[in-house]
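To keep things clear, I will list the structure first and then write my remarks on it.
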Amino acid sequence: MSLIVQKYGGSSVADKEKVFNVAKRIVETYKNGNSVVVVVSAQGDTTDDLIEKAAEISKHPSKREMDMLLSTGEQISISLLAMAIHELGYPAVSLTGWQVGMETDSQYSKSRIKRVEASRIKKELDHNNIVVVAGFQGINKYEDITTLGRGGSDTSAVALAAALHADLCEIYTDVDGVYTADPRIVKNAKKMDEVSFDEMLELASLGAGVLHNRSVEMSRKYNVKMCVRNSMNDHEGTIVKEGKKMERMVVKGVAHDLDVARIALVNIEDEPGAAFKVFSLMAKHNVDVDIILQSIGRENKKDISFTVKKSSLDVAKKILEENQDLLGYDEVKVREDVAKVSIVGAGMVNNPGVAAKMFEALYDAGINIHMISTSEIKVSVLISSANVEKAVNAIHDKFELGK
């Protein structure tokens, strides 16, 4: 008998029909002789509706109270889903994050899981119950409810799978699996049968929205075998697993990210510690920096450019302007009409010329490159956001990923 953890997103349980569809799928897994733990997100637009309700009361509500409010969305989902399973004639029990011992730190709205004390779940499984767990939430040392932030339900599912030593963690979404590119903009994008943890982590970090990178990081750390599947059909999906024995394609997929802004510090002092001053300030204020480019010094001056998420742009710009005297630059230039396009593949490290092939595809499409970043399994470029669709299609075709 296998232990399977399944996760269903909010769109999968958005209404009565979809709740029963998910319940039938869970029951089918249970009837096949498996122990089943299910992690569920809030229904449809519930979380957005709750945020609007808070805004009606307060312009700046405390993060603790927001976590208390938002956690109720998942409680609605799990209780309704457990009821649907009961209606189908099978045993189920719904549990909140704190009831299953999902212990987190105290960063309200973006908590990190510290440990899972899973004795309650194990007891329920011993009683042959299907256990339905509220995703996205936990409890801190002050016994306050916390939420895990973006991708929190994926992370909850993987954490439970790791704590329970599950045989498989199935992530159900509204797509058939992980594709070689976004199928909404690349018509011949192909679903991958399998992808390594490292490749999936890069794809998730670079804009592929199927899985959140936090959940992939945790899967890799605890070697939790994952499968991304569509909740509306029975297609096989994409397996995400340790990559040592997997076939190494040179390039596995193309990802794009529009949530990017470029900041350039013009004529900063060309002296030891200049870059350290800039990026230590960013780190101190929790601003994540991605691609970095530093020009060759001239007349004791140089330029430093880097990218941040658009949500961090105002904070980053304010920090830099407040510290102009410390950093010694002439001007801050900002561009928001940019995007990042990346290729990912664990086989790239042993195949010279991959980057050149990507750049050739962009050249043939008449697309200019602003910045470049590389690692062993990825190459990323910064381009004009107006050219994203053309760039992704050109690169996808150049590497023949649709075949």
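All values derive from a computational prediction rather than experimental measurement.
- What you find for Ala92 and Asn129 is that their closest heavy atoms are N-OD1, 3.9 Å.
- Considering only heavy atoms from C-beta on, Arg335 comes within 4.5 Å of His370 through its side chain.
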Show the numbers, then the answer: is there a side chain to side chain contact (heavy atoms under 4.5 Å, CB included) between Asn267 and Glu299?
CA-CA 9 Å; Asn267 286 338; Glu299 298 177 1; over 6 Å; no
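- Note that CD1 of Ile130 and CG of Leu81 are 9.0 Å apart. Values are rounded to the nearest 0.5 Å.
- By the neighbour-count criterion of 12 heavy atoms within 6.0 Å, atom CD of Glu17 is sparsely surrounded, having that number or fewer from other residues, nucleotides or ligands.
- Contact of the Arg64 side chain with the Met68 side chain is registered, since non-hydrogen atoms from C-beta on lie closer than 4.5 Å.
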For Thr146 and Asp67, run side chain to side chain donor-acceptor pair (under 3.5 Å): C-alpha distance rounded to whole Å, both residues' side-chain angles, the deciding distance at 0.1 Å, then the answer.
CA-CA 5 Å; Thr146 56; Asp67 279 7; 5.3 Å; no
Go through the steps for Lys221 and Glu217 under the test salt bridge (charged side-chain N to carboxylate O under 4.0 Å, His left out), then give the verdict.
CA-CA 6 Å; Lys221 182 176 180 181; Glu217 282 177 351; over 6 Å; no
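- The line from CD of Glu242 to CG of Asn223 is 6.0 Å long, rounded to the nearest 0.5 Å.
- Counting heavy atoms from C-beta on, the side chains of Tyr8 and Ile26 come closer than 4.5 Å.
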Evaluate His212 against Thr155 for side chain to side chain donor-acceptor pair (under 3.5 Å), listing each step before the verdict.
CA-CA 8 Å; His212 196 268; Thr155 307; 5.1 Å; no
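- The heavy-atom pair separating Thr238 from Val178 by the smallest distance is OG1-N, 2.9 Å.
- With salt bridges taken as basic N to acidic carboxylate O contacts below 4.0 Å, none links Glu28 and Lys24.
- A salt bridge does not link Asp154 with Arg214: every distance from a Lys NZ or Arg NE/NH1/NH2 to an Asp or Glu carboxylate oxygen is 4.0 Å or more.
- Within the 3.5 Å criterion, the main-chain N or O of Ile185 finds a donor-acceptor partner in the side chain of Asn393.
- The neighbour count for Arg184 CZ, taken as heavy atoms of other residues, nucleotides or ligands under 6.0 Å away, does not exceed 12.
- Atom CD of Glu271 has more than 12 heavy atoms from other residues, nucleotides or ligands within 6.0 Å.
- The pair Lys318-Glu322 counts as a salt bridge, with a side-chain nitrogen and a carboxylate oxygen less than 4.0 angstrom apart.
- Considering only heavy atoms from C-beta on, Leu3 stays 4.5 Å or farther from His165 through its side chain.
- Asp105 places a side-chain N or O within 3.5 Å of a backbone atom of Arg112 that can act as its donor or acceptor partner.
- Distance alone, capped at 3.5 Å, is enough to place a donor-acceptor pair between the Asn21 side chain and the Ser231 backbone.
- Separating the OG atom in Ser106 from the NZ atom in Lys114 is a distance of 7.0 Å, to the nearest 0.5 Å.
- At distances below 3.5 Å, not a single donor-acceptor pair connects side-chain atoms of Glu103 with backbone N or O atoms of Arg115.
- In plain terms, the two heavy atoms of Leu125 and Val36 that are nearest each other are CD2-O, 3.9 Å.
- To the nearest 0.5 angstrom, Ser196 atom OG is 9.5 Å from Glu194 atom CD.
- Within the 4.5 Å cutoff, the side chain of Val341 has no heavy atoms near those of the Leu362 side chain.
- In this structure, Leu88 and Phe20 approach most closely via the heavy-atom pair CD2-CD2, 4.5 Å.
- Other residues, nucleotides and ligands contribute more than 12 heavy atoms inside 6.0 Å of the NZ atom of Lys191.
- A salt bridge does not link Lys7 to Glu170: none of the charged nitrogens lies less than 4.0 Å from a carboxylate oxygen.
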With side chain to side chain contact (heavy atoms under 4.5 Å, CB included) as the test, would you mind laying out the steps for Met192 and Thr180 before giving the verdict?
CA-CA 7 Å; Met192 294 182 254; Thr180 51; 4.2 Å; yes
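- No more than 12 heavy atoms of other residues, nucleotides or ligands shown are found within 6.0 angstrom of NZ on Lys225.
- Listed for the Lys310 side chain is a donor-acceptor partner under 3.5 Å among the backbone atoms of Leu258.
- Using a distance-only test at 3.5 Å, with no hydrogens or angles considered, no donor-acceptor pair links the side chain of Glu65 to the main chain of Ser62.
- In terms of heavy-atom proximity, Glu269 sits nearest to Ala274 at O-CB, 3.4 Å.
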Show, in sequence, the C-alpha distance, side-chain angles and deciding distance for Val254 and Phe399, and conclude whether the side chain to side chain contact (heavy atoms under 4.5 Å, CB included) test is met.
CA-CA 10 Å; Val254 186; Phe399 287 99; 5.9 Å; no
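- A donor-acceptor pair under 3.5 Å is formed between the side chain of Thr307 and the backbone N or O of Ile291.
- Counting only heavy atoms from C-beta outward, the side chains of Asp144 and Tyr108 approach each other to under 4.5 Å.
- Counting heavy-atom neighbours within 6.0 Å of Asp330 CG, excluding the residue itself, gives a total above 12.
- Side-chain contact between Met348 and Val250: present, with at least one pair of heavy atoms (C-beta onward) separated by less than 4.5 Å.
- Nearest heavy atoms, Ala394 versus Ala365: CB-CB, 4.1 Å.
- The shortest side-chain heavy-atom distance between Asp198 and Arg220 falls under the 4.5 Å cut-off.
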Can you give me every donor-acceptor pair (side chain of residues 41-53, partner residue at least two apart or in another chain, under 3.5 Å) with its distance?
| residue | atom | partner | partner atom | Å |
| --- | --- | --- | --- | --- |
| Ser41 | OG | Ser153 | OG | 2.9 |
| Gln43 | NE2 | Val13 | O | 2.9 |
| Thr46 | OG1 | Gln43 | O | 2.5 |

Exercise answer: donor-acceptor pairs, residues 277-285 side-chain atoms, under 3.5 Å, sequence neighbours excluded:
| residue | atom | partner | partner atom | Å |
| --- | --- | --- | --- | --- |
| Ser280 | OG | Phe276 | O | 2.7 |
| Ser280 | OG | Lys277 | O | 3.2 |
| His285 | ND1 | Leu281 | O | 3.0 |

Going through the checks in order, is the side chain to side chain donor-acceptor pair (under 3.5 Å) test met by Glu202 and Ser342?
CA-CA 9 Å; Glu202 290 290 0; Ser342 311; over 6 Å; no
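- More than 12 heavy atoms of other residues, nucleotides or ligands sit less than 6.0 Å from atom CG of Asp126.
- A salt bridge links Asp234 with Arg25; the closest basic N to acidic carboxylate O contact falls under 4.0 Å.
- Side-chain atoms of Tyr222 do not come within 3.5 Å of backbone N or O of Ala163 as any donor-acceptor pair.
- Taking a 6.0 Å sphere around NZ of Lys123, one finds it holds 12 or fewer heavy atoms contributed by other residues, nucleotides or ligands.
- Checking each of Lys340, Lys333, Met371 against Arg262 for a side chain to side chain contact (heavy atoms under 4.5 Å, CB included) leaves exactly one that passes, namely Met371.
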Go through Ile263 and Lys317 one step at a time and tell me if the side chain to side chain contact (heavy atoms under 4.5 Å, CB included) criterion holds.
CA-CA 8 Å; Ile263 298 174; Lys317 192 178 175 186; 5.5 Å; no
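- Within the 3.5 Å criterion, the main-chain N or O of Tyr329 finds a donor-acceptor partner in the side chain of Gln324.
- Judged by distance alone, the side chain of Ser2 and the main-chain N or O of Ile4 form no donor-acceptor pair under 3.5 Å.
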